[in-house]
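This structure is in structure tokens; I'll ask about it shortly.
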Amino acid sequence: MQAINRIRSRTVVLPTKDIDTDQIIPARFLTTTSREGLGDVLFHDLRFAADGTRNDHFVLNTPAAAGCEILVAGNNLGCGSSREHAPWALLDYGIRAVISTEIADIFRNNSLKNGLIPIVVDAQTHEYLLQNAGIELDIDVKSSTLTLPDGKIVEFPIDGFARYCLVEGIDQLGFLQTHMNSIENYEETRSWMP
Amino acid sequence: MTGATTLFEKTWSDHVVVAETADTPAVLYVDLHLIHEVTTPQAFTVLRTEGLSVRRPDLTLATMDHSTPTLPVSSFKDLAIVGESAAKQIVRMEENCRDFGIELFGFDSEHRGIVHVIGPELGATQPGKTIVCGDSHTSTHGAFGALAFGIGTTEVSHVLATQCLLQRKPKTLAINVAGRLPPGVTSKDLILAIIGEIGVDGGTGHVIEFRGAAISALDMEARMTVCNMSIEAGARAGMIAPDDTTFEYLHGRPRSPRGANWDAAVSRWRTLQSDPGVEFDRSVTLDAGNLQPMVTFGTNPGMVIGINDPVPDNTADPSFRKALDYMRVTAGKPLTETAVDVVFVGSCTNSRLSDLRQAADLITGHKVADGVRMLVVPGSQQIKKDAEALGLDRIFVAAGAEWRESGCSMCLGMNGDTVGNGQLSVSTSNRNFEGRQGVGARTILASPLTATASAICGRVADPRAYLQ
Ligand code: SF4
């Protein structure tokens, strides 16, 4: 995986609460066998009407959203399915960090494994971000901070190991494989092994 | 009480290969890895690119359920009915299982079915195991006292290659349910009420243990319905301590231990209880006796009310208003006057024999209302066979419902079974997200009884009116 440390970008704001993975990428697009090209169907049913026409009012379709790499969502982002297609679609579209007050466990895990930075902020910062779409944020993964345009620094929680892997570009499978001996020992010593 | 531990903690510590530190997560061993066609192709690609093999094909159980058609297929050519890419995905699953030596319960198998239905049915799901699958409803298996949770595709590749996962230890949440469910109120209503109470993010970061008299009184199929939806409260997993009900269910199943191994397993399983007086990080208490049939009115499973209650008026909140607009329901009014287009009885939440039986009993002597489409989809080929032996299929067909091959079907719109744009569906599945059952589909989640009563009535209906 590529090392990721800083993301500097304007925000795009989708203030809806409880955005679930079916909204991020509808199930009918999960029949793919690769991870490429999913950006085309990101938020598909919000970006396009049933007849395929583009919904110009949807925030991602507005000119101001072009090039934004940080998505600020309403409370509680990413509930629902375990589909890793959700972070794949966001990344493929060009989103590199997502911000909310709460981020669902599996979605957060999947994001971290793919280099999409899940950021949980306090209610006050969240409200400020919701009210000020398009501001430029500076995210620093190593120090787990984001800097607002006025210079205010907000810390965000991120698992230390996940952060290390992101910043160093470490592949977690490779890390697991360094424990192969312990895994073998465990299998041998457990008498009630299925 | 010092040293007291929870069921979750016991199961967790039994599977720690390398302990967690401040800097690194634990390496956790996986006893059973369930795989299906939708979330695995990219994981197998990782193995192929890195030249890796599957470490424990014997602990890996594969089936096809999500993108498979529920109309009978006689050959692979027929798969085109679900679309070209879905057909390709199904073929890829066959190739991957063949190349990596994994037994696949595929089209020709009498054991094929929804992954969370066949694990328990085969006896592969057992107390104290760690069970994972690239699917959030893996929480279902927690009904047996297993620690079971959904993972993403990258993690699927980790488990395939190492039989282990990197995990941080979650917190614990006790949900104590006292009393007994009244007639016409099922475990589906109970779990919907719980989600309504704690919210769709109420369990985030936690493993739930469902406890109390009302939980102990449930049979295994009803317990699976409860644990299935723990993920809808955001929980990492849901667990129920194993007891005689669990052991009776597992006894004699194809993958259950036999003879002396069975006795040894049961004595071990009996130790899988939270110690008396143990403290959970959080706890919530409910009385099952106060519950009524529950229905969702919005676009997440936490937006739920009693069948005769009015839709709450929270319309100052734009997200809430958006959900009501999407569902085309009115604040202040109950849902019982709402016309129904589709009724779906199926999914890993409610497609087991007892669910189908309840639906069949209720519909006997009635017809599906004019203009309503009712689809009944058993969770596995085994359930299909058992239901047909009881004549349930004939009851459904005589009433005007469709009877299908097993699969995820209308739970999610990716296999040919969908709810039309704008149509209202009363569904026994677990997610009422926008578009989940098809573009523009409006989903009301309910129990098999409520869904069936609604099919008969043509409007969202209280099943208790039909229970004599
Ligand atoms: S029935 Fe629905 S929830 Fe269950 S595994 Fe299939 S798609 Fe997922």
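Letters A, B, ... mirror the listed sequences (proteins, then strands); counts begin at 1.
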Do the side chain of B:Asp201 and the main chain of A:Asn76 share a donor and acceptor less than 3.5 angstrom apart?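 Absent.
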
Salt bridge or not between B:Arg56 and B:Asp58? Use side-chain N to carboxylate O under 4.0 Å. yes

Restricting to non-hydrogen atoms, name the atom on B:Asn415 and the atom on B:Ser409 that form the minimum distance, rounded to 0.1 Å. ND2-O, 2.9 Å

Would you please indicate if the ring centroids of A:His85 and A:Phe29 are separated by under 6.0 Å?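 No, the ring of A:His85 stays outside the 6.0 Å limit from the ring of A:Phe29, centre to centre.
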
Against chain B, label A:Glu102 side chain, backbone, both or neither, depending on which of its atoms sit under 4.5 Å from a heavy atom there. side chain

Proximal component of A:Leu46, with respect to chain B [non-hydrogen, under 4.5 Å]: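 When you check distances to chain B, only side chain atoms of A:Leu46 fall under 4.5 Å.
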
Counting heavy-atom pairs under 4.5 Å with chain B, which one of A:Asp20, A:Leu173, A:Asp18 comes out on top? A:Asp20

Tell me, out of B:Leu52, B:Thr162, B:Val16, who's got the most heavy-atom pairs with chain A below 4.5 Å.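 Going by pairs under 4.5 Å, I would pick B:Thr162.
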
Which portion of A:Pro15 sits near chain B, non-hydrogen atoms under 4.5 angstrom: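 Just its backbone gets close to chain B.
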
Between B:Ile151 and chain A, with a heavy-atom cut-off of 4.5 Å, which part of the residue counts as in contact: side chain, backbone, both or neither?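 The backbone, not the side chain.
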
Would you say B:Gln126's side chain and B:Gly123's backbone share a donor-acceptor pair under 3.5 angstrom? yes

Which atoms of A:Asn114 approach chain B - backbone, side chain, both or neither, heavy atom under 4.5 Å: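 Side chain of A:Asn114 only, per the 4.5 Å heavy-atom cut-off to chain B.
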
Contacts of B:His33 meeting ring pair (Phe, Tyr, Trp, His ring centres under 6.0 Å) (sequence neighbours excluded), chain-then-number -> none

Heavy-atom distance under 4.5 Å to chain B: side chain of A:Asn185, backbone, both or neither?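 The answer is neither part of A:Asn185.
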
Aromatic ring proximity A:Phe161/A:Phe175, centre distance under 6.0 Å: yes

Is a salt bridge present between B:Glu20 and B:Arg168, judged by a nitrogen-to-oxygen distance below 4.0 Å?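 Salt bridge: yes.
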
Just wondering, do B:Val159 and B:Val156 contact through their side chains at under 4.5 Å, heavy atoms?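 In short, these two side chains do not touch, never coming nearer than 4.5 Å.
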
I'd like to know which of B:Lys322, B:Glu37, B:Glu50, B:Glu155 tops the heavy-atom pair count under 4.5 Å against chain A. B:Glu155

Based on non-hydrogen pairs under 4.5 Å, which of B:Gly203, B:Pro41, B:Pro301 is most in contact with chain A? B:Pro41

Between B:Arg431, B:Arg92, B:Glu434, who has the most heavy-atom pairs with chain A when the cutoff is under 4.5 Å? B:Arg431

Under a 4.5 Å heavy-atom cut-off, does chain B meet the side chain of A:Ser34, its backbone, both or neither?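 It is the backbone, since no side chain atom gets that close.
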
Run the salt-bridge test on A:Lys17 and B:Asp317 with the 4.0 Å N-O cut-off and return the result as yes or no.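 Here A:Lys17 pairs with B:Asp317 in a salt bridge, since their nearest N and O are under 4.0 Å apart.
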
Which portion of A:Glu36 sits near chain B, non-hydrogen atoms under 4.5 angstrom: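 Neither part, no heavy atoms under 4.5 Å.
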
Output the option from B:Asn300, B:Val38, B:Leu166 having the highest count of non-hydrogen pairs under 4.5 Å with chain A. B:Leu166

Of the listed residues (B:Asn261, B:Thr39, B:Asp135), which shares the most heavy-atom pairs with chain A below a 4.5 Å separation?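 Option with the top pair count is B:Asp135.
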
